[in-house]
Number of protein chains: 2
Amino acid sequence: MVVALKPSLAPRPLLSPDRADRSIRSDCERCSARTISVCGAVDDPDLQRLGALAEVIKLEPGAVLIREGEPAPHVFNITGGSLRVYKLLPDGRRQITGFLFAGDFLGLAIGETYVFSAEAMEVSTVCRFRKGPFRALVAGSPPLEHMLLHRTSHELAAAQNQMLLLGRKTAIERMASFLLDLPGHDPSRPTAPGHVRLPMKRGEIADYLGLTIETVSRVLTRMKVKGLISIPSQNELIVERPERLRQHASGEV
Amino acid sequence: MVVALKPSLAPRPLLSPDRADRSIRSDCERCSARTISVCGAVDDPDLQRLGALAEVIKLEPGAVLIREGEPAPHVFNITGGSLRVYKLLPDGRRQITGFLFAGDFLGLAIGETYVFSAEAMEVSTVCRFRKGPFRALVAGSPPLEHMLLHRTSHELAAAQNQMLLLGRKTAIERMASFLLDLPGHDPSRPTAPGHVRLPMKRGEIADYLGLTIETVSRVLTRMKVKGLISIPSQNELIVERPERLRQHASGEV
DNA sequence: CGCAGTGTTGAGACGCTTCAACTCACGTGG
DNA sequence: CCACGTGAGTTGAAGCGTCTCAACACTGCG
């Protein structure tokens, strides 16, 4: 059973970061700033029980996992790939509220129906839990509950950063912030410093940053011309001047 | 000892909503849609212990409770009044990420320093807890931890709504959303239907909605001319056409 | 009465969006 | 092997919504 978690629990023994097929991810990007994997026998009985509850689902690119407004019987944990989470207005305007990667939870919010939609951006795998048993198990396991609170608090802090971005930053500041933040969320195989993997299309970046496709494209071009970044291919990008980008991200230019 | 909580625990006996001096607020606005107060003897020993940890602080309007970037030794619970929570860019641009009222928690996010600032908008009272003992108590009390997770999840859902607002809504849509949402967050004395208390100034509304003061003023005027609202005084507002306002809020006009 | 803080209104400027044309990469089939 | 089609991305020109700057109105208070 595959379960990917990013608990904030006491440190676990560090083993090889490979063998994702039977690994439990254990990290806390804001606390310990690293993604580690714990493989082999799982010592925590709660995590084992959690794994026993799970049902593994594989998603093709574009597959819809959650549709806003529909009944919400499940909680999900992403074990591989990446998903976009978004909300829609009736006329089709879309705001992507987050990109999720391996280890992230989805659908924790209390309520009868989902309040957002979620789709796979690439081939992805998720663990699905029925809400009732999941809640029951969590309620009976303080460490699990604590981990969820910890992660949700982090997400809330990230959401506040995004509000600052959407409410007050210019297009280039938004893009700079995005390019600097993205690698920290994506636990996929360690990339060279400055190297950013872009599993999402321009339109998704636009809907995440509250811009249009055209503006995203223009800003990237401007950054390229300025020598801040280079774009070897559509799906990857290299930050050439991280310090200058950081200045842009915080509005100091 | 004054403690204001909005736990998602099992229902408690409903008593008089007054006597705020010794009350424990107990509600779940999104689940049960009402704010109730439980007064008199507190039966939950965890809440009593929480109360014993608290230190009551009174804030004058404009008083700074939390400054972004400073060490974060405390967790707060608001027992009266209202606070604004915000983030700043170096050049002074401000994004207010939320308005907090009685029952709300503040400073839960894990980290060495606060990642936002908070100021009182009116005369307010808060309970202050040192983080260590607070965490210890919460860790030892599953119901408390559960309540915090529940509340944080709600805040996260609200934050996602705000991202949709900031990223994709027009000025009038933002204002309409704001006027409809605000009463649901403010548990202060029950107001007549359609009646909205505005404890914040225009500049704060602007910084919450990602607009300027002038745009806020213009939009309110437009709404007034259209007959959607009326403004008896600077600090209060009456929604005359809730259904039309709701259409605007969801972008259907 | 005068002052300061707050809110409103107007005119022009600006940044992003909209609309449209074009390029590029990739896959398919004649 | 190349013509063709499609989806994604880029670039240009014009439009529009909000911002900026400025003047004015209102309120409360010493």
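Chain identifiers are assigned alphabetically (A, B, ...) following the order of the sequence lines, protein sequences preceding nucleic acid strands; residue numbering begins at 1 within each chain. Heavy-atom basis, side chains included; hydrogens, waters and symmetry copies ignored.
- For R218(A) and dT11(D), the shortest distance from a side-chain N or O to OP1 or OP2 is not below 4.0 Å.
- Taking five base pairs at each end of the helix from dC1(C)-dG30(D) to dG30(C)-dC1(D) and finding the rotation axis that steps the C1' atoms of four pairs onto the next four gives two axes whose angle is 10°, to the nearest 10°.
- We find that NZ of K169(A) is positioned 18 Å from P of dC19(D), with the value rounded to whole Å.
- Listed by chain and residue number, V123(B) satisfy the side-chain contact (heavy atoms from CB on, under 4.5 Å) test with P61(B) (two or more places apart in sequence, or in another chain).
- Look at CG on L237(B): it is 11 Å from P on dT8(C), rounded to the nearest Å.
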Exercise. Let me see the working for L180(A) and L245(A) under side chain to side chain contact (heavy atoms under 4.5 Å, CB included), right down to the final yes or no.
Key: CA-CA 8 Å; L180(A) 291 170; L245(A) 212 59; 4.1 Å; yes
Exercise. Give the C-alpha distance, both sets of side-chain angles, the deciding distance and a yes or no for side chain to side chain contact (heavy atoms under 4.5 Å, CB included) between L83(B) and I66(B).
Key: CA-CA 10 Å; L83(B) 276 72; I66(B) 289 178; over 6 Å; no
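- Residues from residues 221-231 of chain A placing a heavy atom under 4.0 Å of any atom in DNA chain C do not occur.
- Distance CZ (R202(B)) to C1' (dT9(C)): 14 Å, rounded to an integer number of Å.
- For DNA chain D, the neighbouring residues in residues 204-216 of chain B, judged by any heavy atom under 4.0 Å, are G210(B), L211(B), T212(B), E214(B), T215(B).
- Within the structure, every pair that satisfies the ring-ring contact (aromatic ring centres under 6.0 Å, His included) test and touches residues 201-224 of chain A, not counting sequence neighbours, is listed here: F99(A)-Y208(A), F178(A)-Y208(A).
- For M121(A) and dA8(D), the CE to C1' distance is 16 Å, given to the nearest whole Å.
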What are the atom names and distances for every N/O pair under 3.5 Å that joins the protein to nucleotides 24-30 of chain D?
none

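- Using a 3.5 Å distance cut-off with no hydrogens or angles, the side chains of S153(A) and T152(B) do not pair a donor with an acceptor.
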Sequence neighbours excluded and cut-off under 3.5 Å, please list the side-chain donor-acceptor pairs for residues 214-228 of chain A, or say none.
| residue | atom | partner | partner atom | Å |
| --- | --- | --- | --- | --- |
| T215(A) | OG1 | T212(A) | OG1 | 3.0 |
| T221(A) | OG1 | S217(A) | O | 2.9 |

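- Closest of all the heavy-atom pairs between R168(B) and L211(A) is NH2-O, 2.6 Å.
- Side chain of R246(B) to main chain of A176(B): no donor-acceptor pair is present (N/O by atom type, distance under 3.5 Å, no hydrogens or angles).
- A salt bridge is defined here as a Lys NZ or Arg NE, NH1 or NH2 lying under 4.0 Å from an Asp or Glu carboxylate O, and R128(B) with E55(B) meets this definition.
- Remark: S82(B) pairs with E122(B) by the side chain to side chain donor-acceptor pair (under 3.5 Å) rule, at least two apart or across chains.
- Rounded to the nearest 0.5 Å, atoms CZ (F105(B)) and CG (L100(B)) are 11.5 Å apart.
- Listed by first and then second residue, the ring-ring contact (aromatic ring centres under 6.0 Å, His included) pairs that reach into residues 209-232 of chain A come to none, sequence neighbours excluded.
- At least one donor-acceptor pair closer than 3.5 Å links the side chain of S177(B) to the backbone N or O of E173(B).
- Residue D207(B) forms a salt bridge (charged side-chain N to carboxylate O under 4.0 Å, His left out) with just one option from K201(B), R174(B), R94(B), and that option is R94(B).
- Residue whose closest nucleotide on DNA chain D sits further toward the 5' end, between R168(A) and L220(A): L220(A).
- The main-chain N or O of T125(B) is found under 3.5 Å from a side-chain atom of T79(B) such that the two form a donor-acceptor pair.
- Separating the CE atom of M175(A) from the P atom of dG9(D) is a distance of 11 Å, rounded to the nearest angstrom.
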Protein and nucleotides 12-15 of chain C: nitrogen or oxygen contacts under 3.5 angstrom:
none

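- Of all the residues in residues 81-89 of chain A, not one reaches under 4.0 Å from DNA chain D with any non-hydrogen atom.
- Atom NZ in K201(A) sits roughly 8 Å away from atom C1' in dG7(D) (whole-Å rounding).
- Side-chain atoms of E236(A) do not come within 3.5 Å of backbone N or O of S233(A) as any donor-acceptor pair.
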All N/O donor-acceptor pairs, side-chain side in residues 85-92 of chain A, below 3.5 Å, sequence neighbours left out:
| residue | atom | partner | partner atom | Å |
| --- | --- | --- | --- | --- |
| Y86(A) | OH | E119(A) | OE2 | 2.5 |
| K87(A) | NZ | V115(A) | O | 2.8 |
| K87(A) | NZ | N161(B) | OD1 | 3.0 |
| D91(A) | OD1 | R93(A) | N | 3.2 |
| D91(A) | OD1 | R93(A) | NE | 3.2 |
| D91(A) | OD2 | R93(A) | NE | 3.0 |
| D91(A) | OD2 | R93(A) | NH2 | 3.2 |

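- Here the OG1 atom belonging to T97(B) is positioned 13.0 Å from the CD atom belonging to Q162(A), to the nearest 0.5 angstrom.
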